[in-house]
Amino acid sequence: MNADVRSFFGRPIIVGGGIAGLMTALHLAPEPVLLLSRNRLGTDASSTWAQGGLAASVGDDDSPTLHLADTLAAGDGLCDEEIASRILRAAPDAIETLAGFGVRFDRTPEGKLRLGQEAAHGRRRIVHAGGDCSGREVMRALVSAVHSTPSIVVVEGVEARRLAVKENAVRGIWASCSMGSVFFGSRRVVLATGGIGGLFFDTTNPLGSCGQGLALAARAGAVLSDLEFIQFHPTALDGPGRPMQLISEAIRGEGATIVDETGRRFLEGLEGIELAPRDIVARAVWKHLSKGHRVFLDTREKPGTAFAVQFPTIASACRDVGIDPGRDLIPIRPAQHYHMGGVAVDADGRTSVAGLWACGEVASTGLHGANRLASNSLTEAVVCARWVAESLLGTTVRRTKPAITNDYPSPDPTTVRSLLSRALGIVRDSESLKATARALLPLADGNDAASDPAAVGLMIAIAALWREESRGAHYRADFPHRAAIARRFEITLADALAAARELAHSPSLEGAG
Ligand code: SIN
């Protein structure tokens, strides 16, 4: 980074170079903006890895009402129906917008969008690009559009470390780059930093995604919501590689089955079988593995020989570990895949801190509820980016003053990863959540490399502890049923620290009896 940052003072800043960040920047044009990215654009965003595509009711037999019904059913009583309806009604237009930016979607010979099927969708409504590399194609087109938009200044190799906040309003960002610490003054910041996969051993996401946006917002005093809802994808390739290779649900949509080492389709008792909602399939696979079985995706008959043509990226990843999906079973296990919770935002993406917006996986709009319907998240990112941009453009701002440079350590999630992987996986219980909160407290309270990942982990652990029921992706062994009343929880870092301090002073059952 060699430009004089003072020349950018006052510009809106977008933190994050995935689909949500790029779309927000493009919708803001011709307003000059600064887009900060940790890596070269398009290289380390989970958006680039997305196989599934975008859900939109564009089929002749479909409608936003049907799409909404499936979204609400998967969300298990916790979706915000008004927001969900608004986002899903805008989904078909979002596909058109992307096509306008040059995204080459998969089409039939007649030129219509080719629609895929995924779990818990009552219709074929997943729009793909390049078969199983939808994210890569969308990113290719958007990165190229951003590079040819003169109002967007992209600054790569920069990590945002803290938001400067005064009287609950944003004043800028402290960041670090190869040249050291730097302050970007701005009263308008959009967080588009992605998810939390790097906080788990078993994840399908880039390991660098370890909740930095949540930490930035939380340390600025923002309200977060639904943090306990973490989606585990049932079919990640069970091998030594980390992050794990996702084996797309679209393959089950084409007829692949889930079997164990005896060849039994052990999900047969579930409604929807392999295409039941993702949380249900993931728990059933996890339970079967816990009993000592091995679990496989059987693609030999369906999609069979069409596999390599329909799913070229996955076929190639399988071949790399000696598996031929047309002939062999694919070993699978669940892995962390998506965070439904995030920074609480209103319909325009505004957070509880003035001048701070959030968009994409880092945000909690209320669309996903307790369990995200497959392929609704890229759709959400594209749709909401427009509303965030419009809201930001409608805000008038005063000049920002320079601030002294501050140093904050680069986050390292190693310690936190082992704690969260144990206590915040597919099945949770009070004692392990409490023990994890106690262990995370001193880390979150400190100021070293583990502090920000620990603060994020602590808020998730406390939110999971507060939810004394099982709903959607949150399953408590000690509270296996749904509560009579469905309600969403909000949390701040101060709440989580206070709750953890109380736990630290209360007697632990560990070692008792
Ligand atoms: C998949 O392709 O299975 C993932 C789709 C998604 O997570 O939305």
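Start at 1 and go down the list; that is how both ligands and their atoms are numbered. Positions are given from 1, in the same order as the sequence printed here. In this text, all values refer to a predicted model and were calculated from it rather than measured experimentally.
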Problem set entry | Steps toward side chain to side chain contact (heavy atoms under 4.5 Å, CB included) verdict (Phe105, Leu54) | CA-CA 10 Å; Phe105 288 116; Leu54 295 98; 4.1 Å; yes
Under 4.0 Å from a heavy atom of [X]: give me the atoms of ligand 1 that qualify, with their elements.
X	value
Gly52	2 (O), 5 (C)
Ala374	8 (O)
Glu249	1 (C), 2 (O), 3 (O)
Arg372	6 (C), 7 (O), 8 (O)
His233	1 (C), 3 (O), 4 (C)

Problem set entry | atom 2 (O) of ligand 1: the protein heavy-atom neighbour that sits closest, reported with distance to 0.1 Å | Ser248 OG, 2.6 Å
State whether the shortest distance between N or O atoms of [X] and N or O atoms of ligand 1 falls below 3.5 angstrom.
X	answer
His337	yes
Ser377	no
Arg278	yes

Problem set entry | From Arg333, His288, Glu261, residue fulfilling side chain to side chain contact (heavy atoms under 4.5 Å, CB included) relative to Arg294 | Glu261
For residues 412-426, dump all side-chain donor-acceptor pairs below 3.5 Å to protein atoms at least two apart in sequence or in another chain.
unit_1 : atom_1 : unit_2 : atom_2 : d
Asp412 : OD1    : Thr414 : N      : 3.0
Asp412 : OD1    : Thr414 : OG1    : 2.5
Arg417 : NE     : Gly198 : O      : 2.8
Arg417 : NH2    : Gly198 : O      : 3.0
Ser418 : OG     : Thr415 : O      : 3.0
Ser421 : OG     : Phe201 : N      : 3.0
Ser421 : OG     : Arg417 : O      : 2.7

Problem set entry | Short side-chain donor-acceptor distance under 3.5 Å, Glu380 and His368 | yes
Exercise. Would a 4.5 Å heavy-atom cut-off, applied to side chains only, mark Val33 and Val190 as touching?
Worked result: no
Exercise. Should the pair Asp60-Lys112 be classified as a salt bridge under the 4.0 Å nitrogen-to-oxygen rule?
Worked result: yes
Exercise. Do you know which of Arg372, Arg482, Arg278 makes salt bridge (charged side-chain N to carboxylate O under 4.0 Å, His left out) with Asp76?
Worked result: Arg482
Exercise. Out of Ala119, Ser375, Ala55, Pro234, whose heavy atom sits nearest atom 8 (O) of ligand 1?
Worked result: Ser375
